[in-house]
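All remarks here apply to the structure that follows.
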Amino acid sequence: MSLLSSVERAPRDPILGLTEAFQADDRQTKVNLGVGVYMDESGKVPLLKCVQQAQQQLAQGRAPYGYLPIDGLKAYDDLVAGLVLDDPVTGAAAAPRDRVAVVQGLGGTGSLKIAGDFLRAVSPNAKLLISTPSWENHNALFSRAGFDVQQYPYYDATGHRVDVDAMVAALGEAEAGTVVVLHACCHNPTGYDLGEQDWARVEQVVRERGLVPLLDMAYQGFATGLAEDGAAVRRFAASGPVFVTTSFSKTFSLYGERIGALAVVCDDADEAARVLSQLKIIVRTTYSNPPTNGASIVATVLADDQLRVLWESELGEMRDRIKQMRTALVDGLKQARPDVDASHITDQNGMFSYSGLSKEQMVRLREDFALYGLDSGRLAIPALNPGNIDRVVDGLAQVW
């Protein structure tokens, strides 16, 4: 018997596996409603104008491709800290910069991985809570890091809302030191976010119970705007230590560049320096140091006033198109099935809609209509466009 003969086949990733099935389908009418990628009206991943102009500037500089520091491109780290923690209107920082440890991560997933490994090392007996439901990879990431991953109530399927009372009650019973993973905005997969007063309640119970907040912010700017979507992060940063992971895959349409960051707000500058030293060890022993190109593009855009304005405009256009597709989907369903109330879809934020469809209905959508969504009923709204909206409405109307 060889070393590898007992290795079992791992289950397919629920999202990437669905994409593989979609690609194998030869029906011309197929639509991929599962993958979390923003696509424009033509069904293509856009190349943003701000990114193109930043690339041109970088090409003119002709800088060599040497190794970056372990914690990443310094200009990028500093600018990301400002984007995440500074008030976009007043410029006031939620926490002094010398109290913030920042490392460039390999997208949002890689940044969560760094956070998970660090938290597991410094608090090996801590439990970790994620929302019910949550992004599929949250459970996998933190379980692989060694955490006992448990859940707190979040989504009320009957009322199509966040069950804030149940959420706060569960957090109020959590042991001190428990890590709580929170979606800063555009909750994945439900699309339902906490309101300002809800966040105040959550922050209060987290601080009172001595819990460790980890805010995952992969979609800043996709709900309402940069300032509004980052409000929860600034709230926590102003009141104590917090871990914040961010990604620029969607907001800059830089998926393949794997560009994200982890920011840790600490109690003082000395603590931040010690935390950074440990984060760098994790990076060094995982992938040594991060890639250059994506960080250079994002840093160039954020540092240039004109490119920053252009980016925010393009970000707004993406956000508006998603909202338009939500409305078009609901209006189409209203005409096709007057007996079905799908208005909750327009109440949701960000990339996804928790449709409320069952696994059996989602399977039928795939088999009979070549519409590929997750078994949970999650639909990727940016996949909709004028060329496929009628087909999607027809399929949904027949299985709803």
Side-chain angles (χ1 to χ4, degrees), residues 12-48 133 135-137 160 186-191 218-219 222 249-251 253 255-256 317-338 340-400:
R12 291 197 304 180
D13 181 272
I15 299 176
L16 300 183
L18 186 73
T19 298
E20 293 173 0
F22 169 81
Q23 292 172 342
D25 193 328
D26 58 6
R27 286 175 288 184
Q28 296 300 311
T29 58
K30 64 183 180 180
V31 180
N32 190 347
L33 298 169
V35 66
V37 174
Y38 177 86
M39 290 176 281
D40 59 22
E41 287 192 352
S42 65
K44 304 292 185 182
V45 176
L47 177 58
L48 301 188
W135 179 45
E136 289 84 354
N137 221 12
H160 295 299
C186 302
H187 183 273
N188 180 3
T190 71
Y219 309 100
F222 264 47
S249 294
K250 281 77 176 178
T251 56
S253 196
Y255 300 92
E317 291 172 359
M318 291 191 286
R319 179 175 64 243
D320 290 343
R321 199 187 86 76
I322 293 174
K323 292 180 178 180
Q324 290 166 6
M325 287 297 99
R326 286 187 184 278
T327 300
L329 182 60
V330 171
D331 289 347
L333 285 169
K334 187 181 299 184
Q335 292 183 359
R337 287 287 305 275
V340 171
D341 182 8
S343 60
H344 60 279
I345 292 175
T346 54
D347 296 332
Q348 300 161 349
N349 290 321
M351 299 270 292
F352 306 110
S353 170
Y354 222 43
S355 65
L357 294 175
S358 67
K359 177 180 178 180
E360 291 73 22
Q361 290 169 311
M362 298 304 294
V363 170
R364 188 183 168 203
L365 278 178
R366 293 197 291 270
E367 293 179 349
D368 295 349
F369 303 98
L371 303 178
Y372 284 76
L374 300 187
D375 287 348
S376 64
R378 193 194 81 171
L379 305 176
I381 300 300
L384 302 175
N385 60 59
N388 64 28
I389 185 69
D390 290 340
R391 298 200 305 274
V392 174
V393 167
D394 178 64
L396 289 173
Q398 294 194 54
V399 306
W400 210 292

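One is the number of the first residue; the rest follow in order along the sequence.
- Taking both residues in full, the closest heavy atoms of Ile381 and Ile322 are given as CG2-O, 3.6 Å, listed atom of the first, atom of the second, then distance.
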Check against side-chain contact (heavy atoms from CB on, under 4.5 Å), Ser353 and Arg326: CA-CA 9 Å; Ser353 170; Arg326 286 187 184 278; 3.7 Å; yes
Candidate pair Tyr219 and Asn349, rule side-chain contact (heavy atoms from CB on, under 4.5 Å), full reasoning: CA-CA 10 Å; Tyr219 309 100; Asn349 290 321; over 6 Å; no
Audit row: Thr251, Met318, side-chain contact (heavy atoms from CB on, under 4.5 Å) steps and yes/no: CA-CA 9 Å; Thr251 56; Met318 291 191 286; 5.6 Å; no
Stepwise side-chain contact (heavy atoms from CB on, under 4.5 Å) check, Leu365 with Leu357: CA-CA 10 Å; Leu365 278 178; Leu357 294 175; 4.0 Å; yes
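- Shown are Thr19, Asn32, Asp25; of these, the side-chain hydrogen bond (donor to acceptor under 3.5 Å, both in side chains) with Tyr372 is made only by Asp25.
- Listed for the Arg321 side chain is a donor-acceptor partner under 3.5 Å among the backbone atoms of Pro382.
- Ring pair His344/His160 is parallel by interplanar angle, where below 30° counts as parallel and above 60° as perpendicular.
- The side-chain heavy atoms of Leu384 and Leu33, taken from C-beta on, include a pair separated by under 4.5 Å.
- Here the straight-line distance linking atom CG of Leu396 with atom CG of Leu329 works out to 6.0 Å at 0.5 Å rounding.
- At least one test fails for Arg319 against the ring of Phe222: distance under 6.0 Å to the centre or angle within 45° of the axis.
- Arg378 contributes no side-chain N or O that, together with a main-chain N or O of Thr190, makes up a donor-acceptor pair within less than 3.5 Å.
- Applying the 6.0 Å contact sphere to NZ of Lys334 captures no more than 12 heavy atoms from other residues, nucleotides or ligands.
- Judged by distance alone, the side chain of Tyr255 and the main-chain N or O of Tyr38 form a donor-acceptor pair under 3.5 Å.
- Going from atom OG of Ser355 over to atom CG of Leu379 covers 4.5 Å, rounded to the nearest 0.5 Å.
- Nearest approach of Ser343 to Val330, heavy atoms of both residues: CA-CG1, 4.1 Å.
- Salt bridge status for Asp40 with Lys44: absent, with no side-chain N to carboxylate O gap under 4.0 Å.
- Pairing each heavy atom of Pro386 with each of Glu41, the nearest pair is CD-O, 4.1 Å.
- The closest donor-acceptor contact from the side chain of Gln361 to the backbone of Val399 lies under 3.5 Å.
- Panel note: side chain Lys30, backbone Phe22; a donor-acceptor pair is recorded below 3.5 Å.
- Scanning all heavy atoms of the two residues, the minimum distance from Pro46 to Met39 falls at CD-CA, 4.4 Å.
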Test log, rule side-chain hydrogen bond (donor to acceptor under 3.5 Å, both in side chains), inputs Asp320 and Gln324: CA-CA 6 Å; Asp320 290 343; Gln324 290 166 6; 5.7 Å; no
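- Note that CD of Glu20 and CG of Asp13 are 8.5 Å apart. Values are rounded to the nearest 0.5 Å.
- Under a 4.0 Å N-O distance rule, the pair Asp375/Arg366 qualifies as a salt bridge.
- A donor-acceptor contact shorter than 3.5 Å is absent between the side chain of Ser253 and the backbone of Ser249.
- Of all non-hydrogen atoms in Leu333 and Ala342, the two that sit nearest each other are CD1-CB, 3.9 Å.
- Separation of atoms CZ (Phe352) and CD1 (Ile345) is listed at 14.5 Å; rounding is to 0.5 Å.
- In this structure a side-chain-to-backbone donor-acceptor pair under 3.5 Å is present from Arg364 to Gln398.
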